[in-house]
Each structure stands twice: as C-alpha cells, then as structure tokens.
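A short worksheet on the structure shown next.
Residue numbering restarts at 1 for every chain, and letters A, B, ... go by the order of the sequence lines. Remember, predicted model here, so these are calculated numbers, not experimental data.
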Amino acid sequence: MRMTLAETVARLRPAQTRTPSPESRSADGSRPRSGRGLAAALRGGVRRASTVTLVLYALALGVGIGLATADYATRGGYPFGGVRVAAWTAWPKVGSPGADPYARAVNARRGEIPLTIGEGMLLTADRDDSGRALDAACTYAVAGVTPPARAWTLTVAGHGASDPARPPMRTGFTATEILRETDGRFVIALSPEVQPGNWLPMPPARGAVRLALRLYDTPVAASAGNLDRSAVPAITRTGCAA
Amino acid sequence: MSPRGRFLVATLSGLVLAGLVHVVVVLLIPRLSETDALPRARTEEALDHPVPVKSVAGGEVTATAEAWLPVPDPSVAVGLCAYDLADGPMRVSARTGPLMMSLAVHGRRGAFYAVTDQAAVRGALDLVVLTRAQYDEALANADEDEVSHDVRIVAPDSKGYVVVRVIAALPSQRPAADAAVQAVSCTVDSPAEDSKPGG
C-alpha cells in the first residue's frame, strides 16, 4: 500500500523526484521546464474540457468560495456596523431588530445574546491608541473615564483556547471593584507581570488580545456616534517584554 | 466560442454562484444554529422560571475555542424564558433587589424591548408580552377603575424569549445574582384570567 502510494506520488511529481539525480541537474534548468509544463497542461485542460467538466468546475468554485467566505465573515467578531471612538469600537445595533444579517449570524454561531439599546452597549478594542495591535507580551494602561452608565465591566480575552491547567485568576473588572483617583478617574494595568493598583492579568495565550467594555443601562447607546474620544478610556502601551 | 472563453464564462458563473451561496448561508445560519439562544431555551424545560444560561457563582471562566470575547460577561448572570404566544400572553414578574437587573424581550430578528429595574413601580416590574389581537382583547376587558402596573408589549412574532440579566458588581454578590435570576417568574396568562386586573 505504502509502496504504491509512493509510486503514484513519484509519477505525479516527476520534476521533483528527478532533481536529486545528477543527470537531470546537468540538464539545463528542470524547474522552468516543469513550470512551463504545468501551464501547458492547464492550457490543454482548458482546451479539452467538456461542458460537463466546466459546469462541475463552476459548481465547485461557487460552493467552495461561497461557503468559505460565509464561514470567514461570521467566524470572529462582527464584520461591520461598529462606530469607532478612539481605540474602541462601539456596537450599538447588534442586538436590535435592525441588526445586519452578519451580526445575527455571528450571534447565532457564538450563542451570544447581544445587549440591546435599552440594556447597554458593548465596546471592543483590539489595538491601542497609537494603532498597534494589542499583544499579550506587552503592558498597557487603560486609563480615564467611561461613558455614563449605571454599571460597566471591562474584560480581556486572548485569541484561541485558554489552558485548562492554568485557569485565569481574573478576566475582568466591574465598575465597583476598581480603585479610583480622587477625581473619579481610574487606571487599569493590563500586564503579564504583577502590577500595583488595578492589575488585570494578561490571558496566558500568546499573540493578540481583545478588550471588551460593556456599559449597562447607559444613555449613550442611543447616540453612539456622538461619543467623544475623551469619554472612553485611553489605551496606552507602557512597555513590552522582549 | 473559444475554449478560453468557455473557461472564462464557467469561472464567472462560478463566482456569481459563490456570491449567492454566501448570502444564502449567512441568512440561514441563525435559523439552523443549535447554539443560538432561542433553540437552547426551548429544549430545556423550566417551570415558570428562567433557564439559567450563565450562572456566575461558580466563578470558573468558560471560554470556547474561538473565544473572541468571554461569552457572556463573567460577572453577569443570565436567564432565558422562551415564550410562544399561541399558548396565551406571557407574564414576566420581577422583584427588584439591591442588584441591577435588566429584562429584554427578543423576537426572531432581535430584541424589540428592554427595560431595567429603574422602571419598576414599588419594587415590582411586570411585563406582559402579547400579540396584537391579545392586546386589543386585554384593552377591551380592562377595568377603567383599576390601575394596572403591567407594561404591555406587542410582539412582532409569536415566538421569542425574554432575557433576564443581573449584574454582580462584586464576586460576593454572585450567588445573590443567580438567585435573583431564578426569582423572576415567567408564566402564561391563561385566556380565562385575562379579565383579571393585572398585579
């Protein structure tokens, strides 16, 4: 079985199997010839293709690309419909009947019950104020004030599965839990290292992380477009582990 | 037609087909999804109380493999009541407590009504979800002298669900938040009781 497989592979890829032998290396350039051969084979295939083959090709192309793009568009976050405010993106419409079909598909795939305008609003951030993507190896200061709301929570999520052996100590803060300055402003240190004050540990996963700020019972949900960049917390990178 | 032209036509029709498949799949996902909130609420049986979708007392973080965000918020207890207005109007009664609570009524296309505990009258919040016909009937049967504190909401579809969220601002409040979700009652107003004044 393995022998026949190897033989098939050898027959299918003659150019590669021939390269190690000294004769073919002495012959002038086997690689351009194989490239030209491939193009010629394609051209021949196009010329000889019957109508049935072409129909099958079109069907395969349509179904393949259609399913792949639909999966891609509904896999991660909401593809569009957000309102940019500094580093944050507000999603006021994802729970309303006016939500676009992509947002509804994303909610259905994730099993998420979105916040509606009367309940609150979700804001997400995947980059800092200077536009660099949030990295799990770096330390960030999330500082300032939030838009007016009766309650809010700030949570952090890494990309990919979390390690079940090392459950995260803390994935978020609520408005009641944090320590504030005397004027009501706050600084949350998002860092892989222990920090004084409001330390939000980085998720153990490597690579990109995202922040989610959920405002509950907030008047700004109805007018998210009027949010000012001074009304949302600033995200600044303060250092990076090498 | 030249062979190359035929190939181009096949490729173009494939791309057009790809667009159609894409649109159809995106529109079908909410209907076919099994992780969506509504089918989950329907498959679980809970008598007159919300199905706890997310309880916060355990403290463990449940993150799926594609956790783009912690879904849902780790400090918010969530419960669901599914309704089918063919059985009669749905009454959701909540008592407000120290914790912030919000109720949202979702139809098939999204939430069409939401209210928080700030709208409560003397600590009680009563929502009645009904169809247009049931609403007209309730209005016709209403007693002029009785003051009703019910919030009557006309639903666009006959099937949907009510989401109850209670926010635990501190970890010590999490058991209380779970209990507050469970304390909400979701009952079907039987047609015979329609003439009964609300409350």
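- Taking both residues in full, the closest heavy atoms of Ser13(B) and Ala58(A) are given as OG-CB, 3.9 Å, listed atom of the first, atom of the second, then distance.
- Smallest separation of non-hydrogen atoms from Thr153(A) and Ser75(B): CG2-OG, 3.3 Å.
- Contact of the Tyr216(A) side chain with the Val76(B) side chain is registered, since non-hydrogen atoms from C-beta on lie closer than 4.5 Å.
- Of the listed residues Gly19(B), Pro156(B), Ala111(B), Ala104(B), the one with more heavy-atom pairs under 4.5 angstrom with chain A than any other is Ala111(B).
- Both the backbone and the side chain of Val26(B) have a heavy atom closer than 4.5 Å to some heavy atom of chain A.
- Interface residue Pro171(B): backbone and side-chain heavy atoms are both found under 4.5 Å from chain A.
- Relative orientation of the Tyr57(A) and Phe7(B) rings is parallel, given thresholds of 30° and 60° on the angle between their planes.
- Heavy atoms closer than 4.5 Å to chain B are found nowhere in Thr53(A), neither backbone nor side chain.
- A distance of 10.5 Å separates OH of Tyr113(B) from OG1 of Thr116(A), quoted to the nearest 0.5 Å.
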**Asked** Yes or no on side chain to side chain contact (heavy atoms under 4.5 Å, CB included) for Leu54(A) and Val9(B), after CA distance, side-chain angles and deciding distance?
**Response** CA-CA 9 Å; Leu54(A) 283 176; Val9(B) 168; over 6 Å; no
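- In this structure, Thr174(A) and Ala168(B) approach most closely via the heavy-atom pair CG2-O, 4.0 Å.
- By number of non-hydrogen pairs under 4.5 angstrom with chain B, the leading residue of Val63(A), Asp126(A), Thr51(A) is Thr51(A).
- Side-chain atoms of Thr69(A) and Val25(B), non-hydrogen and from C-beta on, never get closer than 4.5 Å to each other.
- Only the side chain of Thr116(B) comes within less than 4.5 Å of a heavy atom of chain A; its backbone N, CA, C and O stay farther away.
- Residues of residues 93-102 of chain B placed with any heavy atom under 4.5 Å of a heavy atom in chain A are listed by number as Met100(B), Ser102(B).
- Heavy-atom distances place the side chain of Leu27(B), and not its backbone, under 4.5 Å from chain A.
- For chain B, the nearby part of Ala73(A) is the side chain; its heavy atoms alone come within less than 4.5 Å.
- Considering every non-hydrogen atom in both Leu61(A) and Gly14(B), the closest pair reads CD2-CA, 4.1 Å.
- No side-chain heavy atom of His22(B) sits under 4.5 Å from any side-chain heavy atom of Ile65(A).
- Your options are Thr74(A), Leu115(A), Leu59(A), and the one with the most heavy-atom pairs under 4.5 Å with chain B is Leu115(A).
- Annotation: residues 175-191 of chain A contacts chain B through Thr176(A), Glu177(A) [non-hydrogen atoms, separation under 4.5 Å].
- Using a 4.5 Å heavy-atom cutoff, the side chains of Arg150(A) and Ile167(B) are not in contact.
- Residues of residues 92-99 of chain A lying within less than 4.5 angstrom of chain B, judged on heavy atoms, are Gly95(A), Ser96(A), Pro97(A) in numerical order.
- The parts of Leu170(B) that come within reach of chain A are both its backbone and its side chain, each placing non-hydrogen atoms under 4.5 angstrom from that chain.
- Residues of residues 117-124 of chain B placed with any heavy atom under 4.5 Å of a heavy atom in chain A are listed by number as Asp117(B), Gln118(B).
- No more than 12 heavy atoms of other residues, nucleotides or ligands sit less than 6.0 Å from atom CZ of Arg4(B).
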